[in-house]
There are 2 protein chains.
Amino acid sequence: MTKIQKVAELAGVSTATVSRALAGKTSVSPATRVRVEAAAKQLGYVVSAAASSLASGRTRNVGVVTPILTSWFYTTVLKGAQRALADSGYDLTLYLLDTNPGSDLPHASNPRRRQLFEDFLQRKRVDALLAISLELEQEELDHVRRLDKPVVGLGGPLPGVPTLSVDDRAIARLATDHLIALGHTQIAHIGGNPDFELDFHLPSNRRDGYEDALVAAGIPTEPLMVRSADFTIAGGYDATLQLLGDPRVHPTAVFAASDEMAIGAILAARDLGKSVPGDLSVIGIDGHELGGFFGLTTIDQHPEAQGRRAVEVLLAEIESGSPTPEPDNTYLPHDLVVRKSTSAPAPVVSD
Amino acid sequence: MTKIQKVAELAGVSTATVSRALAGKTSVSPATRVRVEAAAKQLGYVVSAAASSLASGRTRNVGVVTPILTSWFYTTVLKGAQRALADSGYDLTLYLLDTNPGSDLPHASNPRRRQLFEDFLQRKRVDALLAISLELEQEELDHVRRLDKPVVGLGGPLPGVPTLSVDDRAIARLATDHLIALGHTQIAHIGGNPDFELDFHLPSNRRDGYEDALVAAGIPTEPLMVRSADFTIAGGYDATLQLLGDPRVHPTAVFAASDEMAIGAILAARDLGKSVPGDLSVIGIDGHELGGFFGLTTIDQHPEAQGRRAVEVLLAEIESGSPTPEPDNTYLPHDLVVRKSTSAPAPVVSD
DNA sequence: TTGAGAATTGCAATCGATTGCGGATGCATC
DNA sequence: GATGCATCCGCAATCGATTGCAATTCTCAA
């Protein structure tokens, strides 16, 4: 393999100059820079990441930790992050953090988590860390802080760490208000169950926003109108089945905390012979790629942009070297996208 | 940060011994090993990846290149790969390779691809490379070969590189035979379009298997029964709409080249008022997590196991240092999973 | 022409491990 | 007690860059 020495010889300069020229630093004359670049190109020289890291302390690599991979939202965030990183010449190292939901064990006893925080992250392999929808325990947070590297949380509340997230409560309120504005008063909500609370705070935030809207509109809340599911299509389907089959409630609209659950709700309604939006309006959250296909009204939270944005914050922090340029939490934009799954409720048939 | 020097002092040995003890090598007495491990633990010592790589030439990091991220199959393979790697103490660096399908430009002019092959992969950051469903151009293959590192292709035909894949032709034949055995003779196929051929060879393999089965059963092939789509739910939906709306053909069964397209087919049939499997049997390929939900008969190709398996091959090659232990291509197992989307065709109504 | 100050460049130390080679030690055998 | 053979361990070179500091060259005004 060609090393910097060869390039230096060919260009007739020292290795120090080659290093500086290739790093795009100032204090290299334009003429020299051109010569070095030509030499490097001719030899097909590419810096050795290991040597560069060791000498400089920078790796040009960012770690991304995600709890889930097989869900559109997460992979889309990941995609945005990887694109943004690649565009800046950075690598992305992917860490998967199983959360075994339902388990009562503290995370510290989950070997995969221990391995990640005590071993992988301590190897000084990453310049920064992007934590997606992650809730960490104290000990884990300590490990992260020990890294002394930029960390950004996306979506999850990480104390002491700058976070980016959409305003879940406001989004939920907007979604519910959309239904209320259409004339609905019997509005159900499908959201997270307590097991999920462990890692995502959003379920309760979204439920709060839902209740905010009802209260503001003077609509009484009804516990039976709130069902929990696991954010998947199947989960949303099942929850909707339970909801529509319960004789004690008569929802005309459903606000699902994710598009996948909303899609499940649409499928369930159809299977029960109810038309959407005629018999049941459905609204979700995410901006799922299948939203258009299902005609789903939703609130787009631009996940790919979230990934990109998080990387930008991280890279800015790396480049500047300053500790915490961002305030505690920054809200990301969201947009109501009205399609065909919501409409005014059917007029009440009085019998 | 604690470095190896500190550990050596605390344990009362040389850094060489610490290195050997922690690497689990022989030629360290059990007593010393224990002492070193205790010292390392007490100090919270973790090797510096950069220093270790530079000195040893090994990075404990594997690059994974995938063309798509927002598809269940790919993320599931990725999940399997990352788990297997983590279990062996390896990192996974994720590279996303856009293929801008439909573009006529050679890959070499795609800046993202150039960047990957000429820059990222040459940095000596990875010990091995896992290429998922990738077809490379000559120049790109040369770059990969220059790496002189283990490479395994998963699903795509990579000349000169050991590959793992399911036997697409056999799978397609099995799927079609399943329909034939149920009594179907009017069997449609939804597969890839030529644009996709660029990167995945499977579409034509699967179509070949489909035709093999028809020919073997003495059923004439009918071009109008073959439709192309982009492997997504929406694509499968649309293709099925076209298929069922065409008065020139009357399929009683559809074999879709992916579960997502099969799901789209089911949804399309429903929207047209046809029952599945009563009016239309549907079978897919993949083993998608939603298969159970939709009652989809499919051929499971165990994608998570594929990712795991590919990593095992790669790691074995790394550890052994031998060049190409695997033969050119190894077939991975698949299983027919019969659910409720396939049945015998309705008896023909003669009028 | 000269000197000050700025712009370039090179020297050499440094980053933190790994590992070939040789020396020391331990044990068994004669 | 000497010899032979393993086993265990340490010395020091090495991996391939980066970068502080000092030296050199250049620029321009006086």
Side-chain angles (χ1 to χ4, degrees), chain A residues 1-37 39-40 43-61 89 119 122-125 127 148-149 318-319 321, chain B residues 1-37 39-40 43-61 89 119 122-125 127 148-149 318-319 321:
Chain A
M1 276 293 93
T2 343
K3 17 203 265 188
I4 200 171
Q5 179 67 41
K6 297 280 181 193
V7 179
E9 283 167 15
L10 181 58
V13 294
S14 71
T15 62
T17 300
V18 174
S19 173
R20 282 189 275 250
L22 261 29
K25 298 242 185 81
T26 54
S27 81
V28 172
S29 75
T32 312
R33 179 183 309 270
V34 169
R35 240 180 327 129
V36 170
E37 280 167 355
L43 296 173
Y45 169 77
V46 177
V47 303
S48 150
S52 177
S53 303
L54 181 57
S56 71
R58 276 169 276 107
T59 63
R60 295 188 80 72
N61 183 31
D119 187 25
Q122 307 295 333
R123 288 187 197 165
K124 297 206 258 299
R125 239 178 192 315
D127 286 339
D148 197 28
K149 300 225 178 312
I318 291 175
E319 310 282 328
Chain B
M1 276 291 93
T2 342
K3 18 203 261 186
I4 201 171
Q5 180 66 43
K6 298 280 181 193
V7 179
E9 284 168 14
L10 181 58
V13 294
S14 72
T15 62
T17 300
V18 174
S19 173
R20 283 189 275 248
L22 262 29
K25 296 239 187 84
T26 55
S27 81
V28 173
S29 75
T32 316
R33 181 182 308 272
V34 169
R35 241 181 325 131
V36 170
E37 279 167 356
L43 297 172
Y45 169 77
V46 177
V47 302
S48 151
S52 176
S53 303
L54 182 57
S56 71
R58 277 168 276 107
T59 63
R60 296 187 80 73
N61 182 32
D119 187 25
Q122 307 295 332
R123 287 186 198 165
K124 298 206 257 297
R125 239 176 190 315
D127 286 339
D148 197 28
K149 299 224 179 314
I318 292 175
E319 309 284 325

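Just so we're clear, the structure is a prediction, and the values are computed from it rather than from any experiment. Residue numbers begin at 1 in each chain, while the letters A, B, ... track the order of the sequences.
- A donor-acceptor pair is defined here as one N or O able to donate and one able to accept, closer than 3.5 Å; no such pair exists between the side chain of B/Ser52 and the backbone of B/Val47.
- When all heavy atoms of A/Thr59 and A/Ser53 are compared, the pair lying nearest together is CA-OG, 3.6 Å.
- Separation of atoms CD (B/Gln5) and OG (B/Ser14) is listed at 9.5 Å; rounding is to 0.5 Å.
- The separation between B/Glu9 atom CD and C/dA17 atom P is 13 Å, rounded to whole Å.
- Remark: P of D/dG16 and NZ of B/Lys124 are 7 Å apart, rounded to the nearest angstrom.
- Taking atom NZ on B/Lys6 and atom C1' on C/dA17, their separation rounds to 16 Å, with Å as the unit.
- Side-chain nitrogen and oxygen atoms of B/Ser52 include at least one within less than 4.0 Å of the OP1 or OP2 phosphate oxygen of C/dT18.
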Decide side-chain contact (heavy atoms from CB on, under 4.5 Å) for B/Arg33 and B/Val36; before the verdict, give the C-alpha distance in whole Å, the side-chain angles of both, and the deciding distance to 0.1 Å.
CA-CA 5 Å; B/Arg33 181 182 308 272; B/Val36 170; 5.8 Å; no
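- Atoms CD (A/Gln5) and P (D/dT18) sit 13 Å apart, rounded to a whole Å.
- Axis orientation changes by 40° from one end of the helix from C/dT1-D/dA30 to C/dC30-D/dG1 to the other, with each end axis drawn from 5 pairs and the value rounded to 10°.
- For the pair A/Leu22 CG and D/dT18 C1', the interatomic distance rounds to 12 Å; values are reported in whole Å.
- Taking every heavy atom of both residues into account, A/Ala21 and A/Val28 meet most closely at N-CG2, 3.9 Å.
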What N/O pairs connect the protein and nucleotides 5-14 of chain D at under 3.5 Å? Give each pair on its own line.
| from | atom 1 | to | atom 2 | distance (Å) |
| --- | --- | --- | --- | --- |
| D/dC9 | OP1 | B/Ser29 | OG | 3.2 |
| D/dC9 | OP1 | B/Thr32 | OG1 | 2.2 |
| D/dC9 | OP2 | B/Ser29 | N | 2.8 |
| D/dC9 | OP2 | B/Thr32 | OG1 | 3.3 |
| D/dG10 | OP2 | B/Ser14 | N | 2.9 |
| D/dG10 | OP2 | B/Ser14 | OG | 3.0 |
| D/dG10 | OP2 | B/Thr17 | OG1 | 2.5 |
| D/dG10 | N7 | B/Arg20 | NH2 | 2.7 |
| D/dG10 | O6 | B/Arg20 | NH1 | 3.3 |
| D/dG10 | O6 | B/Arg20 | NH2 | 2.8 |

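- Put simply, CD1 on B/Ile4 is 11 Å from P on C/dT19, counting in whole angstrom units.
- Between B/Leu22 and B/Tyr45, the closest heavy-atom pair is CD2-CE2, 3.6 Å.
- In this structure, A/Ala51 and B/Arg58 both approach DNA chain C, and ranking their closest nucleotides by distance from the 5' end singles out A/Ala51.
- At C/dG16, none of the side-chain N or O atoms of B/Tyr45 fall inside 4.0 Å of OP1 or OP2 (strictly under the cut-off).
- B/Thr15 and B/Ala8 make their closest contact through N-CB, 3.7 Å (heavy atoms, listed as atom of the first residue, atom of the second, distance).
- One atom, CG of A/Leu54, and another, C1' of D/dT19, lie 13 Å apart when rounded to the nearest Å.
- Taking each heavy atom of B/Arg60 and A/Arg125 in turn, the nearest pair found is O-NH2, 3.5 Å.
- A distance of 11.0 Å separates CZ of A/Arg58 from NZ of A/Lys149, quoted to the nearest 0.5 Å.
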